[in-house]
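Structure, as C-alpha cells:
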Amino acid sequence: MERYPGKKRIAVFISGRGSNLKSLIKHSKQKKALFKIVLVISNNPDAEGLKYASKLEIRNYRINYKDKLTFENQSLKLLKKHNVDMICLAGFMKILSKKFISKFPGLILNIHPSLLPKYKGLKTHERAIKNKDKFAGASIHKVTDKLDSGKVILQKKVRILKSDNVNSLKKKILKIEHKLYPKAIDILLSSL
Ligand code: GRF
C-alpha cells in the first residue's frame with residue numbers, strides 16, 4: 001500500500017461521469033493538499049470516471065450492485081484494506097445503509113446540486129427553473145441515513161438568468177461544484 005505521510009486517505013464513490021472525482025484528484029496532487037485519493041469505487045461498471053482513475057493509476061473497483069448488503073460489505077473490505085479515513089460521494093446514485101454510514105461517523109460527504117435544504121433528491125435543476133428561483137447552487141453535506149439531509153459544510157449560489165435552461169444551469173453549477181468539493185473536504189479535515 002502506498003503511504004502518504006500527513007495526508008488523509010480518501011475513497012470516492014461514483015456512478016457516472018466523474019468530473020467531481022477529477023477535480024478532487026487534481027486538488028489532491030498539490031503539495032499543500034490535506035488528502036490523497038487512494039480508492040475509487042463504482043456500482044456502475046461503465047462509469048466514465050473509472051477510466052480516469054485507471055489512467056492516473058488510482059485503485060478503482062467496480063462492485064456489482066446486486067443488493068445493498070453485498071455491495072457494502074465488499075466496499076468495507078476494500079476501505080479497510082486501503083486504510084481509508086474518509087469517503088466522498090461524487091455522483092454516487094445509491095443510498096448507503098445506516099449501518100454502513102455508522103462505520104465512518106461524520107466522515108462521509110456528498111455533493112448535491114442544489115441549495116440544500118431546497119430540492120433534496122433528483123432533478124434539482126429542473127425544479128429550480130420550474131419554480132422560477134432566482135438562485136440555484138451546490139451544497140456539500142455530511143451523509144446521514146436521511147437523504148441529502150446531513151449538516152451542510154459548504155454551499156455556493158449561482159444566479160439563474162432568464163436565458164438559462166436546464167443544461168446551461170447544470171454547466172454553471174458543475175463549475176462551482178468542482179471548486180467547492182475540495183474546499184469542503186479541507187474544512188472538514190481541518191476540524192478533526
Ligand atoms: C453532480 O452534479 C453532483 O452534484 C451530483 O451528481 C453529479 C455528478 O457529476 N450528485 P460527476 O459524475 O461528478 O461529473
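Note that the coordinates shown come from a computational prediction; the quantities given were computed from them, not determined experimentally. Whatever order the structure lists them in is the order used to number ligands and atoms, beginning at 1. Note that the numbering runs from 1 along the sequence shown for the chain.
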Indicate yes or no for a side-chain donor-acceptor contact from D85 to the backbone of R9 under 3.5 Å, with no hydrogens or angles considered. yes

Please determine whether a side-chain nitrogen of the Lys or Arg among R127 and D133 lies less than 4.0 Å from a carboxylate oxygen of the Asp or Glu. no

Assess the side chains of K120 and S149: does a donor N or O sit below 3.5 Å from an acceptor N or O? yes

Put together the list of close N/O pairs, under 3.5 Å, between ligand 1 and the protein, could you?
residue	atom	partner	partner atom	Å
ligand 1	2 (O)	E177	OE1	3.3
ligand 1	2 (O)	E177	OE2	2.9
ligand 1	4 (O)	E177	OE1	2.9
ligand 1	4 (O)	E177	OE2	3.0
ligand 1	9 (O)	R17	NH2	3.0
ligand 1	10 (N)	I111	O	3.0
ligand 1	12 (O)	G18	N	2.8
ligand 1	13 (O)	S19	N	3.3
ligand 1	13 (O)	N20	N	2.9
ligand 1	13 (O)	N20	ND2	3.0
ligand 1	14 (O)	R17	NE	2.6
ligand 1	14 (O)	R17	NH2	3.2
ligand 1	14 (O)	S19	N	2.8
ligand 1	14 (O)	S19	OG	2.5

Please answer whether the main-chain N or O of G16 pairs with a side-chain N or O of N44 as donor and acceptor at a distance below 3.5 Å. no

Can a donor-acceptor pair be found, under 3.5 Å and without considering hydrogens, that links the side chain of H112 to the backbone of Y119? yes

Test item: side-chain donor near acceptor, S168 and D164, under 3.5 Å: yes

